[in-house]
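What follows is a single structure, written as structure tokens, with notes after it.
Every chain is numbered from 1, with letters handed out A, B, ... down the list of sequences. Quantities reported herein were computed from a predicted structural model and do not represent experimental measurements.
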There are 4 protein chains.
Amino acid sequence: MARGVNKVILIGNLGQDPEVRYMPNGNAVTNVTLATSDSWKDRETGQQQERTEWHRVVFFGKLAEIAGQYLRKGSKVYVEGALRTRKWQGQDGQDRYTTEIVVDINGTMQMLDSRGEQGQGGYQQQSYGQPAPQQQPQQPMQQQQGGFGGGQSQQPQQRPQQQPQQPPQQPQQPAGGFDDFDDDIPF
Amino acid sequence: MARGVNKVILIGNLGQDPEVRYMPNGNAVTNVTLATSDSWKDRETGQQQERTEWHRVVFFGKLAEIAGQYLRKGSKVYVEGALRTRKWQGQDGQDRYTTEIVVDINGTMQMLDSRGEQGQGGYQQQSYGQPAPQQQPQQPMQQQQGGFGGGQSQQPQQRPQQQPQQPPQQPQQPAGGFDDFDDDIPF
Amino acid sequence: MARGVNKVILIGNLGQDPEVRYMPNGNAVTNVTLATSDSWKDRETGQQQERTEWHRVVFFGKLAEIAGQYLRKGSKVYVEGALRTRKWQGQDGQDRYTTEIVVDINGTMQMLDSRGEQGQGGYQQQSYGQPAPQQQPQQPMQQQQGGFGGGQSQQPQQRPQQQPQQPPQQPQQPAGGFDDFDDDIPF
Amino acid sequence: MARGVNKVILIGNLGQDPEVRYMPNGNAVTNVTLATSDSWKDRETGQQQERTEWHRVVFFGKLAEIAGQYLRKGSKVYVEGALRTRKWQGQDGQDRYTTEIVVDINGTMQMLDSRGEQGQGGYQQQSYGQPAPQQQPQQPMQQQQGGFGGGQSQQPQQRPQQQPQQPPQQPQQPAGGFDDFDDDIPF
DNA sequence: TTTT
DNA sequence: TTTT
């Protein structure tokens, strides 16, 4: 239930490989940055201008696993999610705010890199109804709805005690929480 | 022209009256904050939870004038715009980032407070094709497309030398630019 | 799962009271027609023109019940759904096609008639988590996600054997299926 | 201006090469059919099911030219437009209705076949600000906003007397209007 | 800071 | 058939 509508639709390319983390309950949370760009001709100088907008996207639930598995730096993707601004503390103790696009069970994701030519493996038909395939799927997914049932998104705080069914695709980071950035920029 | 899609759709209520400012060329720029909220039942406690999300929306062009004229604290509105994160300097000299929903000629706005019951005046038929009605329209607008032709949104920096055709609906603030906030919070 | 994106977003007014029907399993299916309109100034004659577009919207699951209960002729509503064109047989035996906006568990609905002024009853706080309130809620709902789990929408074909928990708001039609139209027009 | 919101967002693949026609004033009108598909597992049989939805999309203005030039059977594309149901006469003299997604100056289109690998020619930087490039661009466009200023879309009715600046990419069909279908199906 |  |  909601009062109001809070919807974001993006098509863009990943600036980096996804970062996958796990919540205490084993649920994956995957962060990516997406670039969209506008270009226009300056009215005064007649020069062609371009501005790239970077979006911080956070996937939850099953989409987090799919995103972590199939998306890579440069991947083109469609996402549908909701805006969420969260508050965090800078190193100077001051509040900072970061706005993200949350893609959970209410959102969707669809890979747009056509025909699997970007994968490193061959084609393999898979039933994606089951949450935890025993082997690594090698075919890019198309759209999926999220499988994270939580109404509100929690922040991942630590490694799961038990290895999740879907092992991380990314090398594990050394200790450090979600907001363990080098400095105060939001991403 | 654009590479990618960057679209936001919101329906929410204004937290405050709009703030209208003017660019040197006389174009209006109107800021509002919009609330959307989600509610859900906590899975563990069974308690009803609610979270309100606040969105900073910036209107440009003709929509800026319409928003300034017809929207008020509490107004319910539909907006369609694009995400833009802009960088600004905190008082400590450090970079801050604020994400806004830009509603310009590529976006739309529609008032959802039905039947004009929130206006202070009576009904008056108007031709909205003309940019600067000489008298105050008293009928809430519905949808409008923006009339701001600029590809990229400039920041308003000063009072217009000549009184714009559409006089400000808000009392003029004392000197101080667009980013003249009391402290470091983005809004 | 899906290949592609198929999304419709409408804000419009109901042309008639909703029509609620029930599937054999007791699930409600609710049909409404929504009007959206465009107006523009003819470039040659300078005359103001208007065109109203009528949309056939079909709600499934919990949203079907809410729509049947709270929407009425004239109600303003936001819907998010998917396009579906279905084929049916005209009286002359020829194929006809009707395109509808399907609002099921993947869609949303939100009533936009503010402040309950259109209801016929008083205010009553309700927990909407439960699927079948024993008494008629009298407060307009806001947004809801659908509760119909079916991947593909079936057509309702007959009265439910057991009275559904949520009794129909509309007088029962005499026998006749979903497509029992008077003539060959799609709606 | 509009009362209400009427928006469709699709990502799908073209079922056929585009059909380009020209209005008396030389404006292009391009028709494509787009497929989106859903798949789900039948709850009773456990069988994997799939349903393909076909959408009739009509481009106007500059987007019509771009669509005609760059889209081909199988192309993946993002479109944003509005629903419009138009009435036409079947061979039996009875009314038929066809619902289309109109993509004009209020909509957008973006090709999603990455990196120009589908084109038949090499890369060539182009300024797309000018409406009628003298030579055939060979690089797939990304997003464009429509350039057709008309508030209401007219139907193309005949060949242009003068060759339009952008010559048709498709072999000219023999005489026959827009609705010159073999039979009564809408497309 | 809104709204219900 | 709605709405303004």
Residues B/Glu53 and A/Arg84 bridged, charged N to O under 4.0 Å: no

Test side chain to side chain contact (heavy atoms under 4.5 Å, CB included) applied to C/Leu34 and C/Leu14, C/Ile11, C/Asn13, C/Ile101, the passing residue: C/Leu14

Distance, rounded to the nearest Å, where D/Tyr97 contributes OH and F/dT1 contributes P: 12 Å

Between F/dT4 (P) and B/Ile66 (CD1): distance, integer Å: 18 Å

Is_stacked (C/Trp54, F/dT1) at 5.5 Å, 30 deg: yes

Rounded distance (Å) that lies between atom P of F/dT2 and atom OH of C/Tyr78: 25 Å

C/His55 NE2 - F/dT2 C1' separation (whole Å): 11 Å

Residue C/Thr52, side-chain atoms from C-beta onward, closest of F/dT2, E/dT1, F/dT1: F/dT2

E/dT3 base / A/Arg3 side chain donor-acceptor hit below 3.5 Å: no

All side chain to side chain contact (heavy atoms under 4.5 Å, CB included) counterparts of C/Ala67, not counting sequence neighbours: C/Thr30, C/Phe59, C/Leu71, C/Met109

Spacing of B/Asp17 atom CG relative to E/dT1 atom C1', expressed in whole Å: 11 Å

Given E/dT2, F/dT1, F/dT2, the nucleotide with the shortest approach to the side chain of C/Thr33: F/dT1

Rounded interatomic separation in angstrom, taking CE from C/Met111 and P from F/dT3: 14 Å

Side chain to side chain contact (heavy atoms under 4.5 Å, CB included) involving C/Ala35 - partner list, sequence neighbours excluded: C/Thr52, C/Trp54

Euclidean distance, atom CG of residue C/Asp113 to atom P of F/dT3 [Å, nearest integer]: 10 Å

Rounded distance (Å) that lies between atom P of E/dT2 and atom CD of B/Glu50: 13 Å

